[in-house]
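As structure tokens, the structure follows; a few thoughts come after it.
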Protein chains: 4
Amino acid sequence: MPRPKDHSKVENIYQAALQLVIRRGFNEFRMADVAKAAGVATGSLYTYFRNKEELVNALFLDTAQQLYSSLQVEKRTETTHYHFMKIWTSYYNYCFVHPDHMLFIDQYQHSGFLSDETKNEAKLHLKSFDDFLHHAQEYGDLRMLNLEVLKALILGSVHEFTKLNIEHPGTMDFHALETCKEMIWEAVKERRA
Amino acid sequence: MPRPKDHSKVENIYQAALQLVIRRGFNEFRMADVAKAAGVATGSLYTYFRNKEELVNALFLDTAQQLYSSLQVEKRTETTHYHFMKIWTSYYNYCFVHPDHMLFIDQYQHSGFLSDETKNEAKLHLKSFDDFLHHAQEYGDLRMLNLEVLKALILGSVHEFTKLNIEHPGTMDFHALETCKEMIWEAVKERRA
Amino acid sequence: MPRPKDHSKVENIYQAALQLVIRRGFNEFRMADVAKAAGVATGSLYTYFRNKEELVNALFLDTAQQLYSSLQVEKRTETTHYHFMKIWTSYYNYCFVHPDHMLFIDQYQHSGFLSDETKNEAKLHLKSFDDFLHHAQEYGDLRMLNLEVLKALILGSVHEFTKLNIEHPGTMDFHALETCKEMIWEAVKERRA
Amino acid sequence: MPRPKDHSKVENIYQAALQLVIRRGFNEFRMADVAKAAGVATGSLYTYFRNKEELVNALFLDTAQQLYSSLQVEKRTETTHYHFMKIWTSYYNYCFVHPDHMLFIDQYQHSGFLSDETKNEAKLHLKSFDDFLHHAQEYGDLRMLNLEVLKALILGSVHEFTKLNIEHPGTMDFHALETCKEMIWEAVKERRA
DNA sequence: AATGAATGAGATTTCATTCAT
DNA sequence: TATGAATGAAATCTCATTCAT
């Protein structure tokens with residue numbers, strides 16, 4: 001029996017690659033560096049990924065999956081308002097703890113490095129969030145607006161606030177955060193007659 | 001800083017570089033490609049810019065200046081609401097026509113390629129917008145919130161909607177746009193007692 | 001030298017390697033590919049051959065032995081002319097059926113990959129053909145000429161015609177083949193006083 | 001004005017590449033080695049050739065052109081026999097002086113490295129030799145046989161004798177050479193009624 | 001003995017920058 | 001000043017070989 005393909009190594013590679021993406025400013029990361037940081041040989045990267053492009057795509061998918069999973073959508077038990085706040089906060093918290101993940105996704109989303117397939121597959125992880133928004137609209141709790149537009153505003157706001165945190169740490173204190181949540185809710189909530 | 005020997009050539013270079021940034025997926029653009037697209041020799045780039053980094057920084061400044069100038073802040077003659085709508089719309093329109101400018105700024109803003117000096121200088125062009133927001137807060141028309149946070153929300157929303165336009169052209173129709181403006185206003189406006 | 005632990009496996013490896021040499025254009029064949037095609041693990045190749053060089057040498061010997069055995073030299077019972085035609089034809093037929101074998105030998109014969117030992121050992125399988133030529137010269141049936149030169153012409157002609165068959169299938173029809181045999185015989189036969 | 005692309009450098013590269021092909025046994029030559037031997041930087045090879053494959057193809061064409069130009073076909077002024085001997089001898093002499101050229105052509109002719117286009121283009125340089133053979137057949141001086149077959153025998157014989165020269169220098173002495181010429185002529189000449 | 005994942009030296013190729021013209 | 005061929009350091013990728021299982 002050969003050594004079984006070590007899938008924890010793939011995790012190490014993802015971690016290392018992400019760290020480097022951040023450190024080297026999102027512009028470029030070198031395969032040799034990824035290998036070294038992951039504690040494997042350069043050539044080993046190519047047992048897991050056919051080339052650099054495939055590694056980036058896989059890393060993107062893996063990261064997007066984690067990032068979007070942080071949108072804690074649950075079965076409807078509370079008011080839309082309550083649920084919305086909870087989801088937004090959980091997403092914000094994830095971005096706060098892992099700004100690198102969010103930045104990576106944000107940066108590469110529109111880059112030519114990613115295949116359309118990857119981009120589409122990444123979006124699948126937003127399905128339950130889509131459903132939440134859709135149902136909330138049907139209940140008359142959210143503005144009737146193209147879902148993509150709604151999503152862009154909600155997730156985009158988190159992204160922007162996270163970038164702010166990176167550039168000016170401390171700006172987003174407790175009070176600011178509460179206000180932000182409130183603002184976004186005011187933006188998206190339906191105004192009843 | 002470019003030595004403005006021949007300003008039209010520098011303009012060509014900027015144009016060419018921006019086009020390439022878009023085409024090559026924001027990841028990398030080659031000096032040779034920029035030169036060819038700009039209709040100059042590779043070596044000539046180095047008469048205008050000391051190296052690639054300087055070219056990127058100069059391009060960033062030039063683009064940011066144009067982009068941020070589109071925030072048509074005027075002297076206060078109308079209500080804050082009216083003025084806000086006008087500014088947001090003019091910015092949105094610029095992004096709609098030049099999505100590449102906006103994407104370039106958005107992508108490189110947090111990249112290690114830019115010097116802090118460049119980043120700061122770029123922000124100077126937001127000074128009049130800062131002033132507008134600040135005064136509007138003083139008049140009690142906008143939420144009392146860290147200016148950076150307010151800005152992040154306002155400009156960020158335009159950026160997100162522009163990205164939407166790129167990915168799904170047509171999503172942002174007239175109705176959606178009006179609603180978006182309304183949403184952002186609802187988010188940032190001060191609720192009086 | 002292969003350790004003949006499992007002779008059928010070595011045969012598989014030879015077959016696979018030859019197939020690959022053909023497919024990959026005689027330039028390079030990869031150990032991993034040979035292993036896969038032979039249905040064994042990469043590492044297993046190294047139980048049979050110390051390294052790639054040894055595999056090539058062994059393959060060369062094996063193939064040369066088969067190729068040269070097709071020169072059906074028998075005890076002198078017929079005229080030299082009859083015997084010559086028979087031998088040439090049997091060699092031609094083998095090459096026609098196994099052009100890959102012939103090409104492999106032809107390509108690697110002068111390549112630095114083979115040890116002198118291998119080259120010499122391969123030539124031993126031409127011993128009986130050498131004898132045939134030598135005796136035919138003594139009988140005054142073949143030109144008195146350095147044996148190597150004679151061999152070069154006789155075997156070389158078959159090789160050339162075989163290559164022709166590969167490049168332009170059908171060129172060597174029955175008539176052409178008969179003429180070729182005749183030509184070579186005219187070339188090598190002794191003209192008596 | 002930039003440095004004009006130095007086409008003598010291409011010649012250097014060809015020379016260097018050929019030398020290496022020989023030295024390293026026709027199996028492989030490294031771009032870095034070619035560059036060093038040609039006295040240029042590694043990267044410079046890529047200003048002349050897009051990649052290794054293109055270099056090999058160009059080298060093949062260049063070498064084939066030289067090799068085949070040595071077939072000194074002239075206007076018919078003498079007997080076919082005389083002319084044939086002259087051509088064969090001039091080709092043999094070229095191969096004797098440049099065995100490396102001949103070996104390179106012979107080795108790569110059937111290798112997957114060359115494009116079909118290259119192979120076909122190389123053959124164009126045999127056009128005047130084809131014409132010579134064709135006319136000689138019409139005059140009733142050469143056997144009526146597919147031209148390709150005739151060529152294979154004539155050129156192939158030279159190749160084989162050249163290889164002999166490499167392996168056993170001295171074998172092809174003056175006497176042997178004269179006999180060889182005679183043999184080939186006996187093989188290809190038409191036997192009149 | 002057999003496996004095939006892992007290795008890493010070494011190959012090819014790229015591209016920012018220089019420099020002869 | 002302008003040119004673009006030339007450079008070579010540094011990147012990506014390959015593949016013969018090793019070795020833990």
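Proteins get letters first, then strands, A, B, ... in listed order; numbering begins at 1 in each. Everything numeric in this text was worked out from a predicted model, so none of it was measured. The figures that follow rest on heavy atoms only: side chains count, while hydrogens, waters and symmetry mates do not.
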Residue matched to E/dC15 through Watson-Crick or wobble contacts both under 3.5 angstrom: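 Partner of E/dC15: F/dG8.
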Would you mind pulling out the nucleotide paired to E/dA1, Watson-Crick or G-U wobble, both distances under 3.5 Å?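 Partner of E/dA1: none.
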Please figure out whether D/Thr42 or B/Ala32 has its closest DNA chain E nucleotide nearer the 5' end.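 The residue closer to the strand's 5' end, by nearest nucleotide, is D/Thr42.
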Hey, which of these two, C/Ser44 or B/Met31, hits DNA chain E nearer its 5' end, going by closest nucleotide?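 Here C/Ser44 is the residue nearer the 5' end.
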Specify whether D/Tyr14 and D/Phe49 have parallel, tilted or perpendicular ring planes, treating 30° as the upper limit for parallel and 60° as the lower limit for perpendicular.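 If you compare the ring of D/Tyr14 with that of D/Phe49, the planes turn out tilted.
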Could you tell me how the ring of A/His101 sits relative to the ring of A/His98: parallel (under 30°), tilted (30 to 60°) or perpendicular (over 60°)?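 Ring orientation of A/His101 relative to A/His98: parallel.
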Check the distance between [N]'s [atom2] and [X]'s [atom1] and give it to me in whole angstrom.
X: A/Phe29; N: F/dT12; atom1: CZ; atom2: C1'; result: 12 Å
X: B/Leu45; N: F/dA2; atom1: CG; atom2: C1'; result: 11 Å
X: C/Asp33; N: F/dT14; atom1: CG; atom2: P; result: 12 Å
X: D/Phe113; N: E/dT12; atom1: CZ; atom2: P; result: 9 Å
X: A/Lys52; N: E/dT14; atom1: NZ; atom2: P; result: 14 Å
X: C/Ile13; N: F/dA16; atom1: CD1; atom2: P; result: 14 Å
X: C/Arg30; N: E/dA11; atom1: CZ; atom2: C1'; result: 13 Å
X: C/Tyr46; N: F/dA16; atom1: OH; atom2: P; result: 6 Å

In Å, rounded to the nearest 0.5 Å, how long is the span from CG of D/Leu103 to CG of D/Leu18?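 Rounded to the nearest 0.5 Å, the CG-CG separation comes out at 10.5 Å.
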How long is the gap from CZ on A/Arg30 to NZ on A/Lys52, to the nearest 0.5 Å?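 NZ of A/Lys52 is found 9.0 Å from CZ of A/Arg30.
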Please check the phosphate of [N] (OP1 and OP2 only) for any side-chain N or O of [X] closer than 4.0 Å.
X: C/Lys9; N: E/dA2; answer: yes
X: B/Tyr48; N: F/dT1; answer: no
X: C/Thr47; N: E/dA1; answer: no

Where B/Asn51 and B/Tyr46 come nearest, the two heavy atoms and their spacing: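 Closest approach of B/Asn51 to B/Tyr46, heavy atoms only: CA-CE2, 3.9 Å.
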Which is more 5' along DNA chain F, the nucleotide nearest D/Gly39 or the one nearest A/Gly43? Just name the residue.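 By nearest-heavy-atom nucleotide position, the 5'-most residue is D/Gly39.
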